[in-house]
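Taking it in order: structure first as structure tokens, then the write-up.
Every chain is numbered from 1 and lettered A, B, ... according to where its sequence line falls, protein lines coming before strand lines.
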Amino acid sequence: MSSREEILNRLRGNVRETYDFPDLGFRKLEFADPVAQYVETTVTTAGARVFEIKPTDDLNEKIREAYPDAKIIASNVPGIKADKNPDTVERAQDLEDVDVGVIKGEVACAENGCVWIPQTMKEKAVCFASETLVILVSKQNIVSNMHEAYERIKFNDYGFGTFISGPSKTADIEQSLVYGAQAARGVTIFLTE
Amino acid sequence: MKIGLFVPCYVDALYPEVGVAAYKLLCSLGLDVEYPEKQTCCGQPMGNAGFQNKAEKLVENYDELFRGYDYVVAPSASCASYVRFFHEGIVKHECEAAKRTMDLVEFLHDVVKPTSLKARFPHKVSLHNSCHGVRELGLSSPSERNVPRFNKIKDLLQLVEGITVMEPERPDECCGFGGMFSVEEPAVSTRMGKDKLRRHIATGAEYITGPDSSCLMHLQGIARKNGEPIKFIHVAQILAAGL
Amino acid sequence: MSTKHSIAAEKFNQDSGRVTRHDQTFWSVRSKRDGLAYQLEEWEQLRESANLIKKHTITHLADYLEQFETNARKNGVHVHWAKDADEYNDIVMQIMREHNVKKVVKSKSMLTEECHLNDNLIRHGIDVVETDLGERILQLMEIPPSHIVMPAIHVTREEVAACFREKGIIEKHGAHAAEGLLKEGEDWRTSSDPTYLTRAARYHLRDNFMEADCGMTGGNFGIAETGDIVVCTNEGNADMSTSIPKLHIVSIGLEKIIPNYKAMGVFQRLLARHGTGQATTVYTSHFRKPRPGAEMHIILVDNGRSSILGNIEHWQTLKCMRCGACMNTCPVYRRSGGYSYTYFIPGPIGVNLGMLKDKDANYHNCSACSLCMSCDNVCPVKVDLSTQIYKWRQELDSMGHADPMKKMMSAGMQTLFEHPSLYTTALKFAPLANHVPAFMTNIKANAWCYGHTMPEFAKESFHTLWKKGKVK
């Protein structure tokens, strides 16, 4: 008997009583103004910056404003002037020296600042290895809580997605909070219409 | 209403005045109180040590002794809770007396519901919310949970004239007694007790009070060893002050 | 009357300042958790839902595992089954050999700790680099974790700095890390500033990410409906570990499977709030398919879990999602430290899991509980941790691990309490005699007096007063 069968048989044999999946219809946290709450959460607890972007704004200019010292920008978002493209770099390692990665988020969640970022590029390293991130997300796609966020998120053929709430952080040394552990040291959210 | 008074072993031996206060208090509220003499212990010391099987006969005795009462009332939250939540599991059958056993505070607050007391106690006290009172009997809302805040002990104490009731920082963290735990893990138990004592003292209270003489005994032993002058008094004694 | 835990705990308590720091560190996490709990109206409903979802899943686990496997395979992921630690290690080695792996970057996984993966990899000549900062510090210092979520929190900044110097990390990355960071006059060669040390570690780990041939992660959740593996981190190290190398191996315990996204919503909201007192981890990553040109393997590990399901008293430990909240709230853990336990998972859940793993090695931890029940009330999935510890204590005698002194005392109490007349007589002589209350008088000379003065017996017990008609 394979381990698989052995394990499954033992699991089946060891069940005495079964339980139903519960009804999750209880009332969940809702914000009157999820956009305002999202901004508040992101700025105060998640440690990211939020810039509101008007339709008339030039995104590339805004990126420059946000990160004036950036030397290498990486993005595959149409219209973003980038030095590197995560779709065309040969290896993920080629994105190691990126100063600003510009990526798109699809759903944002007001209760905890999470933004859903599905992989839309060959090398997702751009989302993590970049020194800093600019995440574009539309105000229309902000929900109150994670239950709603999970109802909304979609996968594409890349088969990876991540919720990111802000810069990488750690408190592993004597509980001192430090931003910029292994992944992006800074995150700026561009809130579009 | 016929009440059986249960005075657990260590209250009996070390703090008889707590039993006396409980008796007087219940009588003063017009209740018919009896003290069945053949009572001994709730069995918790053995159970917590890992020998609840040695408490089987005792549990049966308890049930026999107390089953005729409307309520069994004990001035000890931990013992009352052990009776109510563990006795049936020990003897593996229903126990009438166990179901109707209540801690004194719980009984007064939920059943008798007095709106006034004759007691006067013009002192500042720090309230010791003991673990089994909080987390088994529900004498107060556990700090771990998001439930409406309440404290039955405080509610009752506030009926006493002249009293000021404080609560320590970390109001329901364990004091470290835990029965046999205190002798099996003396270092941690003592440290927990010292921390608790320090927080009680920081309230500026003259007395530490609570529904469990066991926790108070533990804290008192540590206070004495460290020369702390703070005084200890069971809730029953405050509620019965002046009777 | 002492267990390995009590002996180690006494040693830990010799440094009072250390106990204070340890206690405050974890109490502050508990407090942050409470703050978030009080803000959420549906908090208790979330906990109850999590409890029920876990009960449901665990009692249908074989079905969900099959569903998970089917979906993962459809996604192009290789799925393996390991019945125990040995088979798990063999599977890992086989995958690594096929890919000629020389260096592995790894994000935190208690399961790999449980299966002693790192030792095994090293034995086979594979360079394994932990990438969670805390885990990396421990790995470099060659010491085990003392907590499952904050594994190196007991190490001081000075110790970290000394370790980084000894291992050449400061020499290689210190100057770079110090740029624009340290105060004037502060020397990067000797600084123990946490921000600076974290940055040095960042550069050190960056090198490793770039060179690694394989990334290994654990899994906080596996979603049956989609085949997703969900990994939650704050550092982004699981994502770094899987974004660069072309091979991703997931190690996940069977009990981490949950049915669907509805369930995921509940657990995502609870995990970080309980574990670290944050509304979310920075990264909640869903791995469904391998990266383009890469391979992804999931190893489903049993290692005793399917047998735990058959344990009528303790099966609910399988609900645990390893958030660490029970440790943070445990007054004994906070004052005895992670190393006082014989099992690598400390605190209330560790006491229970240790007993399920190896009773003879881990019965020592059963003393590490005052039965305060705080853990039961913080647990996001409502494992009845303290009740289970109480139950283990009842079993110690039949295992041959009962403390003889406690047994003798309990027997003494039995005799006394079963015989009211004997009890009354004993009470009468209590101020002189050695009987009542047995659990205290018997230890008069030693343990109680460690921290207490002896209580004084009343001149007349309540019994005596009653008999004499003095109770009025």
Side-chain angles (χ1 to χ4, degrees), chain A residues 2-4 6-8 10-22 24 26-29 41 45 92-93 96 111-114 122-125 127-129 145-147 149-150 155 158-170 172-176 178 180-184, chain C residues 25 40 42 45 49 52-53 55-56 59-62 65 75 81-83 87 131 133-134 137 150 152-153 156-157 160 194-195 197-199 202 205 210 234-237 239-240 243-244 259 261-262 264-266 268-269 279-280 282-289 291-292 302 306-307 309-310:
Chain A
S2 70
S3 291
R4 179 183 182 280
E6 193 184 316
I7 291 166
L8 291 172
R10 195 158 45 229
L11 285 172
R12 290 203 164 94
N14 278 340
V15 174
R16 288 170 305 275
E17 198 182 343
T18 60
Y19 296 83
D20 291 336
F21 192 92
L24 302 178
F26 54 88
R27 219 179 80 190
K28 292 148 188 120
L29 180 70
T41 306
T45 61
Q93 280 88 339
E96 202 222 338
E111 73 163 317
N112 57 14
C114 278
K122 178 171 85 75
E123 296 301 343
K124 66 183 160 83
C127 307
F128 309 106
N145 60 54
M146 285 305 284
H147 306 285
Y150 271 111
F155 272 75
Y158 279 114
F160 172 86
T162 181
F163 284 105
I164 298 182
S165 68
S168 151
K169 65 183 177 188
T170 183
D172 278 350
I173 301 176
E174 285 191 9
Q175 249 196 327
S176 306
V178 180
Q182 321 316 345
Chain C
T25 296
L40 269 191
E42 64 266 40
Q45 283 158 310
S49 302
L52 293 172
I53 294 170
K55 275 183 163 177
H56 164 75
T59 56
H60 297 81
L61 196 53
L65 281 164
N75 296 333
W81 299 72
K83 62 174 184 294
E87 189 175 13
T131 61
L133 176 58
I137 291 167
M150 289 156 276
I153 212 77
T156 65
R157 63 182 73 188
V160 175
T195 307
L197 292 173
T198 301
R199 193 162 300 173
R202 175 186 174 89
L205 286 168
M210 296 304 145
N234 274 327
E235 298 184 5
N237 57 313
D239 292 295
M240 287 299 295
S243 292
I244 317 285
Y261 269 40
K262 274 196 164 55
M264 189 59 218
V266 172
Q268 205 281 347
R269 297 185 79 198
T280 181
V282 177
Y283 302 91
T284 304
S285 295
H286 288 242
F287 298 89
R288 187 174 288 185
K289 292 182 176 180
R291 266 166 56 216
D302 184 344
S306 58
S307 302
L309 183 59

Structural part of [X] lying under 4.5 Å from a heavy atom of chain A:
X: Arg202(C); answer: both
X: Ile53(C); answer: both
X: Leu309(C); answer: both
X: Asn234(C); answer: both
X: Leu133(C); answer: both

Pick from [options] with the largest number of heavy-atom pairs that fall under 4.5 Å of chain C:
options: Asp20(A), Leu24(A), Ile7(A), Thr41(A); answer: Ile7(A)
options: Ala184(A), Cys114(A), Pro167(A), Ser168(A); answer: Ser168(A)
options: Ser176(A), Gly161(A), Gly180(A); answer: Gly161(A)
options: Cys127(A), Ala129(A), Gly166(A), Ala149(A); answer: Ala129(A)
options: Gly13(A), Ser2(A), Ala92(A), Gly113(A); answer: Ala92(A)
options: Gln175(A), Glu17(A), Glu123(A); answer: Gln175(A)

Within a strict 4.5 Å, meaning less than it, do heavy atoms of the Lys28(A) and Glu111(A) side chains meet?
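Not touching, per the 4.5 Å side-chain cut-off.
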
Would Ser3(A) and Glu87(C) count as having a side-chain donor-acceptor pair, cut-off 3.5 Å?
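Yes, Glu87(C) and Ser3(A) have a side-chain donor paired with an acceptor closer than 3.5 Å.
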
Is a side-chain donor-acceptor pair under 3.5 Å present for Thr18(A) with Thr59(C)?
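Absent: no donor and acceptor within the cut-off.
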
Aromatic centroids of Phe287(C) and Phe160(A) separated by under 6.0 Å:
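Ring-ring flag for Phe160(A)/Phe287(C): true, centres closer than 6.0 Å.
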
Interface moiety of [X] toward chain C, non-hydrogen atoms closer than 4.5 Å:
X: Gln93(A); result: both
X: Ile164(A); result: both
X: Thr45(A); result: neither
X: Arg27(A); result: both

Rounded distance [0.5 Å steps], [atom1] in [X] versus [atom2] in [Y]:
X: Phe128(A); Y: Met240(C); atom1: CZ; atom2: CE; value: 9.5 Å
X: Thr284(C); Y: Tyr150(A); atom1: OG1; atom2: OH; value: 5.5 Å
X: Leu11(A); Y: His60(C); atom1: CG; atom2: NE2; value: 12.5 Å
X: Phe163(A); Y: Gln268(C); atom1: CZ; atom2: CD; value: 6.5 Å

Closer than 3.5 angstrom, by distance alone: can the side chain of Asp172(A) be matched with the main-chain N or O of Ala152(C) as a donor-acceptor pair?
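Flag not set: sc Asp172(A) to bb Ala152(C) has no pair under 3.5 Å.
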
Quick one: list whatever passes salt bridge (charged side-chain N to carboxylate O under 4.0 Å, His left out) with Asp302(C), sequence neighbours left out.
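By the salt bridge (charged side-chain N to carboxylate O under 4.0 Å, His left out) rule, Asp302(C) matches Arg10(A).
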
Taking only residues two or more places apart in sequence or in another chain, which ones pass salt bridge (charged side-chain N to carboxylate O under 4.0 Å, His left out) with Arg157(C)?
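Residues passing salt bridge (charged side-chain N to carboxylate O under 4.0 Å, His left out) with Arg157(C): Glu174(A).
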
Do you know which of Ser307(C), Ala279(C), Ser49(C), Gly310(C) has the most heavy-atom pairs under 4.5 Å to chain A?
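It is Gly310(C).
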
Under 4.5 Å, counting heavy-atom pairs only, tell me which of Gly236(C), Pro259(C), Pro194(C) racks up the most with chain A.
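Highest number of heavy-atom pairs under 4.5 Å: Pro194(C).
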
